[in-house]
Amino acid sequence: MKFSAVLLRCEMLGFFKDRHRRRLKARPFPNEWLKIIKNNVAFFVRLSAKDQAELLANVQVLLDEKNFEGCAGVEITDEVRVTIAAQACLLLLHRKTDYFPRLLTILVYPSTYLADEQRPVTAEIWEEGKAFRAGETARTMGSMVLAWDAVTWGAADPSDGKNVVLHEFAHQLDYENLAADGTPALATREQQVSWQRVMRTEFASLRAAEETGIPTLLDTYGATNAAEFFAVTVEAFFERPVMLRAQHPRLYWELQQYFRQDPVEFSTERTRTA
Ligand SMILES: [Zn+2]
């Protein structure tokens with residue numbers, strides 16, 4: 001097929017995909033689903049009415065496009081699907097999005113599980129061992145694993161700094177520009193340059209803090225590599241925005257530019273620490 005014909009075909013597919021998504025977004029949001037979100041996903045009621053509506057519209061698309069599979073006895077109910085999708089869609093607000101295009105299937109296990117893990121001891125030495133995991137995903141796997149108990153803990157407490165759904169879906173955002181390098185698809189070259197400069201410095205200081213044992217706001221799991229650093233900062237951005245902005249203002253600014261959101265506006269962090 002000629003290049004121009006391929007291009008035309010892609011444009012047509014894009015047109016039909018966009019039209020289908022617009023129709024899904026315009027569908028009335030099921031009341032039962034809204035009840036689940038209000039019960040399970042604590043941040044939702046703190047969003048503005050406009051953001052709530054945008055998030056619910058995105059949930060309709062995400063649930064239409066992704067498969068869910070229950071593993072080790074988990075039954076995929078509306079509660080499971082909607083609780084996961086509502087949290088994932090927080091990452092999509094205010095941005096043109098292709099709904100985590102590299103992700104096809106979400107596998108849900110009942111609880112956190114033991115998995116092989118490599119962690120850096122120094123920059124050169126890595127140790128291997130077993131660690132409890134709440135989820136995982138990879139650039140080429142097309143799937144994501146989530147532990148249902150961790151999903152519900154993350155949804156119920158919006159300011160403890162931990163949210164496995166935000167973490168794993170942040171990895172998927174990282175993969176949108178094909179590399180798993182901790183840099184999502186940024187709009188301009190200036191943004192890329194600024195992002196790289198800030199993230200490199202912040203990553204180095206988290207690594208140094210982990211080696212010396214200095215307590216950090218960011219989870220030191222982020223010292224593993226640049227991809228984990230990004231996922232950990234996304235958790236902190238949405239869950240501990242007040243502290244992150246105070247302690248890492250440049251990092252906060254970069255994330256704010258990318259996500260086009262200021263989570264300080266809806267965070268429960270202040271009331272938690274007050
Ligand atoms: Zn990760």
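Nothing fancy with the numbering, it's 1 onward along the sequence. Just so you know, ligand 1 is whichever comes first in the structure, and atom 1 is the first atom listed for that ligand.
Shown here is Arg250, whose CZ atom has no more than 12 heavy atoms of other residues, nucleotides or ligands within 6.0 Å.
The minimum distance between the Zn ion (ligand 1) and any N, O or S atom of His171 involves atom NE2.
Rounding to 10 degrees, one finds that the Zn ion (ligand 1) sits at the corner of an angle of 100° between His167 NE2 and Glu228 OE1.
With a cut-off of 2.8 Å, the Zn ion (ligand 1) has no N, O or S atom of Glu168 in range.
Between Tyr221 and His167, the two ring planes are tilted [angle within 30° to 60°].
A salt bridge links Lys35 to Glu32: one of the charged nitrogens lies within less than 4.0 Å of a carboxylate oxygen.
Residues Phe100 and Tyr175 place their aromatic rings such that the two centres sit no closer than 6.0 Å.
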